[in-house]
Amino acid sequence: MKKYNSIVVTKYLIMLSQFVLFLFTIFLYPILKFYINLRGYNNITINLLFSFYLCILIGFYILIILMKLIKNIENKNVFTKENIKYLRYLSWASFIISIICFISSFYFYLWIFGFFVSFFMGMILRVIKNVFEQAIIIKEENDFTV
């Protein structure tokens, strides 16, 4: 019962994240405009908006993949090739965000933190994907050894 509660909580957190990301998408321009005027930056609004919206787009993609992954886990399909595919997609999405953040750090230095976080997450997801691949190999060997 406790695992099921964890899955339900995770699904709600993913939906909440989608909602917050949607709100952020709507209110990004006024927030960014206020921040740029407050800090006195010039001519970086378009660059920041482009970077943010690219990351938001990939963020929605990540949340959709996470929901598919958690539904598989809820259905007791944990060590499957489909989940490995989802973990691969998540890691590549993290690496794409890290590239966007790295390029964006040339015109706004704070993006470098996003680069390190997303690059680190991409690497962690790659390791988890590799662990899942090995677990599937061991599971298949055990299934043949009856």
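Without hydrogens or angle criteria, Y89 side chain to I65 main chain gives no donor-acceptor distance under 3.5 Å.
Side-chain contact between M67 and L63 is absent, with no heavy atoms from C-beta onward closer than 4.5 Å. The closest side-chain heavy-atom distance from I58 to I100 is below 4.5 Å. Using a 4.5 Å cut-off on side-chain heavy atoms (C-beta onward), L48 and I36 make contact. In this structure, K68 and K85 have side chains that are not in contact, with every pair of non-hydrogen atoms separated by 4.5 Å or more.
Within 6.0 Å of the OH atom in Y61, the count of heavy atoms belonging to other residues, nucleotides or ligands exceeds 12. The local environment of CZ in F60 is crowded, with over 12 non-hydrogen atoms from other residues, nucleotides or ligands closer than 6.0 Å.
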Under 3.5 Å, which donor-acceptor pairs link side chains of residues 13-30 to any protein atom two or more places apart or in another chain?
unit_1 : atom_1 : unit_2 : atom_2 : d
S17    : OG     : L13    : O      : 2.9
T25    : OG1    : L21    : O      : 2.7

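F132 and I137 are not part of a single hydrophobic cluster, where members link through side-chain heavy atoms under 4.5 Å apart. When hydrophobic clusters are built by joining Ile, Leu, Val, Met, Phe, Trp and Tyr residues whose side-chain heavy atoms come closer than 4.5 Å, directly or via intermediates, L87 is grouped together with I124. Linking ILVMFWY side-chain heavy atoms closer than 4.5 Å, directly or via other members, places I31 and L38 in two distinct hydrophobic clusters. Neither L32 nor L57 shares a network with the other; the hydrophobic side chains, linked directly or stepwise wherever heavy atoms of I, L, V, M, F, W or Y lie under 4.5 Å apart, form separate groups for each. Residues F52 and F34 are members of separate hydrophobic clusters, defined by side-chain heavy-atom contacts under 4.5 angstrom among Ile, Leu, Val, Met, Phe, Trp and Tyr.
L90 and L69 get closest at one heavy-atom pair: CD1-CD2, 4.2 Å. Considering every non-hydrogen atom in both V78 and N83, the closest pair reads O-ND2, 2.6 Å. In terms of heavy atoms, S51 sits closest to S104 at OG-OG, 2.6 Å. The nearest pair of heavy atoms linking C101 to W111 is O-CB, 3.3 Å. I136 approaches K81 most closely through the heavy-atom pair CD1-N, 3.7 Å.
Atom CG in D143 sits 10.0 Å away from atom CD in E141 (nearest 0.5 Å). Taking OG of S94 as the start and CD1 of I99 as the end, the distance is 11.0 Å to the nearest 0.5 Å. Taking CG from N47 and CZ from F106, the interatomic distance works out to 13.0 Å, rounded to the nearest 0.5 Å. Taken to the nearest 0.5 Å, the CE atom of M123 stands 11.5 Å off from the OG atom of S91. Between I128 atom CD1 and L125 atom CG the span is 5.5 Å, to the nearest 0.5 Å. Rounding to the nearest 0.5 Å places CZ of F50 at 10.0 Å from SG of C55.
The closest side-chain donor-acceptor pair between N77 and E82, if any, does not fall under 3.5 angstrom.
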| query | Where do S105 and F115 land on the side chain to side chain contact (heavy atoms under 4.5 Å, CB included) test, with the steps shown first? | reply | CA-CA 8 Å; S105 71; F115 164 74; over 6 Å; no

| message | Using side chain to side chain contact (heavy atoms under 4.5 Å, CB included), reason through I97 and I62 one step at a time and then give a plain yes or no. | response | CA-CA 11 Å; I97 288 177; I62 287 172; 3.9 Å; yes

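The aromatic rings of Y35 and F108 stand perpendicular to each other, their planes meeting at an angle above 60°, with 30° marking the opposite boundary.
Scanning for ring pair (Phe, Tyr, Trp, His ring centres under 6.0 Å) contacts around F95 gives W92, F119, with sequence neighbours left out.
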